[in-house]
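Worksheet for the structure shown next.
Scope of the values below: all heavy atoms of this structure, side chains included, with no hydrogens, waters or symmetry mates. Chain A is the first sequence line, chain B the second, and so forth, proteins listed ahead of strands; every chain is numbered from 1.
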Protein chains: 2
Amino acid sequence: MARTKVFNEEEVLGKAVKLFWEKGYNGTSAQDLVDRLGISRSSLYDTYGDKFRLFKRSLLQYRKEFAGSMIEMIHSSDDYEKTLVEVFEYVVTESLQEKFSKGCFMVNSSVEMAPHNPEIAEIVNGNRQDIEDALLQLIKKGQETGQFSKKHGARPLARFIFNTISGLRVTSKSGADKKVFDDIVTIALAALK
Amino acid sequence: MARTKVFNEEEVLGKAVKLFWEKGYNGTSAQDLVDRLGISRSSLYDTYGDKFRLFKRSLLQYRKEFAGSMIEMIHSSDDYEKTLVEVFEYVVTESLQEKFSKGCFMVNSSVEMAPHNPEIAEIVNGNRQDIEDALLQLIKKGQETGQFSKKHGARPLARFIFNTISGLRVTSKSGADKKVFDDIVTIALAALK
DNA sequence: CTTAATTTGGAATAAACATTCCGTTATCAT
DNA sequence: ATGATAACGGAATGTTTATTCCAAATTAAG
């Protein structure tokens with residue numbers, strides 16, 4: 001029988017996610033990957049195929065993890081406004097961790113690759129659709145209970161909230177401070193009342 | 001006396017702006033530049049220095065042109081709400097030109113480079129500040145004339161509007177349709193009333 | 001029309017790039 | 001322990017990268 005794998009495939013994939021998230025596809029070299037993943041070049045290619053396939057898998061992994069946890073957060077909610085505040089807090093807090101944030105891997109990849117690469121565009125659009133739909137459910141329920149006003153439709157509001165989050169992700173990349181984020185979030189939330 | 005320059009430096013710079021805007025810094029090779037600018041490799045290096053210096057100059061040129069025209073638009077306004085609508089229309093129209101838009105060169109560069117490169121971060125932040133300040137003047141005047149409500153402060157509103165535009169620029173990169181943009185813009189504008 | 005200046009195309013360079021290959025090493029079942 | 005199997009590290013590959021260099025072409029002034 002053969003030697004068993006000494007590294008955990010999912011765990012190493014997690015390191016690839018962080019690296020691509022930080023430096024983008026074009027900004028990450030095969031050498032960078034070898035250095036950061038802590039496995040050999042040959043293991044890397046044997047396990048994940050080429051650089052682009054590893055990138056796609058990293059992006060899908062991110063989508064599952066991050067969009068997944070956001071969607072779960074939304075679906076398990078019973079105080080709709082509080083949950084929305086938490087979603088924004090989550091984004092803002094993450095943005096303020098380092099002076100120059102990594103932003104959102106989806107936003108980064110959309111900007112870098114979506115116009116030139118249909119596969120990436122599809123992943124990014126799928127993500128947008130998923131989150132928009134989750135927000136839609138949340139807003140609908142909030143409107144039914146009277147927590148949110150019906151001044152605007154739920155679908156437009158869901159798109160608006162998602163767009164606001166995308167904007168925050170961009171702003172975070174050039175190092176804005178908390179005051180800026182709070183101003184934006186306050187006004188975005190007021191649109192629901 | 002010597003031979004005279006046969007190409008127009010500013011005109012060729014304009015081609016560099018379009019190319020970097022489309023493909024980003026890492027996505028654009030020296031060969032791409034030679035092919036698109038229509039001048040020789042030696043003229044390119046003699047005139048603009050190295051790739052990074054040409055990139056910086058392209059980004060500054062974009063800032064002068066595009067932020068400049070937006071700021072002028074804002075400052076020459078006497079119907080504040082109409083001008084704001086025009087600003088959004090300008091962004092949306094540009095986004096819908098091609099199926100996959102180039103987005104905004106500032107947003108693209110911020111996402112690709114700002115966290116790793118202080119010089120780029122400074123240019124992007126300067127741009128943000130300029131546009132935010134212009135929006136601030138517009139909103140203040142609109143609030144004084146009663147066209148906009150004073151429910152929110154002018155500075156927070158300026159930040160909010162700028163953030164909304166950044167979001168639209170991201171959304172456009174993965175090919176959203178007009179309905180999505182209109183939903184977002186409608187709600188953003190309602191925040192001022 | 002010659003001279004001086006300067007742009008030009010393209011060859012040359014050296015480093016970095018993604019990827020493949022291979023001999024060695026480690027781990028399992030027998 | 002031994003043999004079969006597969007991961008491993010690192011050298012090797014061939015391509016692409018950014019940049020420099022140079023000889024030939026082009027132009028303006030004398």
What pairs with Lys150(B) under salt bridge (charged side-chain N to carboxylate O under 4.0 Å, His left out), at least two apart in sequence or on another chain?
none
Applying salt bridge (charged side-chain N to carboxylate O under 4.0 Å, His left out) to Asp50(B) and not counting sequence neighbours gives none
So which of residues 13-23 of chain B are in contact with DNA chain C, with a heavy-atom cut-off of under 4.0 Å?
none
How many Å lie between [atom1] on [X] and [atom2] on [N], as a whole number?
X        : N       : atom1 : atom2 : result
Asp46(B) : dC21(D) : CG    : P     : 11 Å
Leu37(A) : dA18(C) : CG    : P     : 13 Å
Leu33(A) : dA16(C) : CG    : P     : 17 Å
Phe7(A)  : dT27(C) : CZ    : P     : 14 Å
Leu54(A) : dT19(C) : CG    : P     : 10 Å
Leu44(A) : dC21(C) : CG    : P     : 16 Å
Asp35(A) : dA18(C) : CG    : P     : 12 Å
Ile39(B) : dT6(C)  : CD1   : P     : 17 Å

Over 60° means perpendicular and under 30° means parallel, so tell me whether Trp21(B) and Phe66(B) are parallel, tilted or perpendicular.
perpendicular
Applying side chain to side chain contact (heavy atoms under 4.5 Å, CB included), name anything that partners Asp79(A), two or more places apart in sequence or on another chain.
Glu81(A), Lys82(A), Gln147(A)
Scan the side chains in residues 87-96 of chain A for donor-acceptor partners under 3.5 Å anywhere in the protein, sequence neighbours excluded, and list what turns up.
from     : atom 1 : to        : atom 2 : distance (Å)
Thr93(A) : OG1    : Glu89(A)  : O      : 2.6
Glu94(A) : OE1    : Arg169(A) : NH1    : 2.8
Ser95(A) : OG     : Val91(A)  : O      : 2.9

N/O (side chain, Ser42(A)) to phosphate O (OP1/OP2, dG9(D)) under 4.0 Å
no
What side chain to side chain donor-acceptor pair (under 3.5 Å) pairs are there with at least one residue in residues 104-114 of chain B, not counting sequence neighbours?
Asn26(B)-Glu112(B)
Qualifying salt bridge (Lys or Arg N to Asp or Glu O under 4.0 Å) pairs, either residue in residues 183-192 of chain A, two or more places apart
Lys179(A)-Asp183(A), Asp183(A)-Arg159(B)
Does anything in residues 61-74 of chain A form a salt bridge (Lys or Arg N to Asp or Glu O under 4.0 Å)? List the pairs, not counting sequence neighbours.
Arg63(A)-Asp130(A)
Do you know which of Phe55(B), Phe52(B), Phe105(B) makes ring-ring contact (aromatic ring centres under 6.0 Å, His included) with Phe20(B)?
Phe55(B)
How does protein contact run along nucleotides 13-19 of chain D, one letter per nucleotide 5' to 3', with B for base contact, S for sugar-phosphate only, - for none, heavy atoms under 4.0 Å?
----SSB
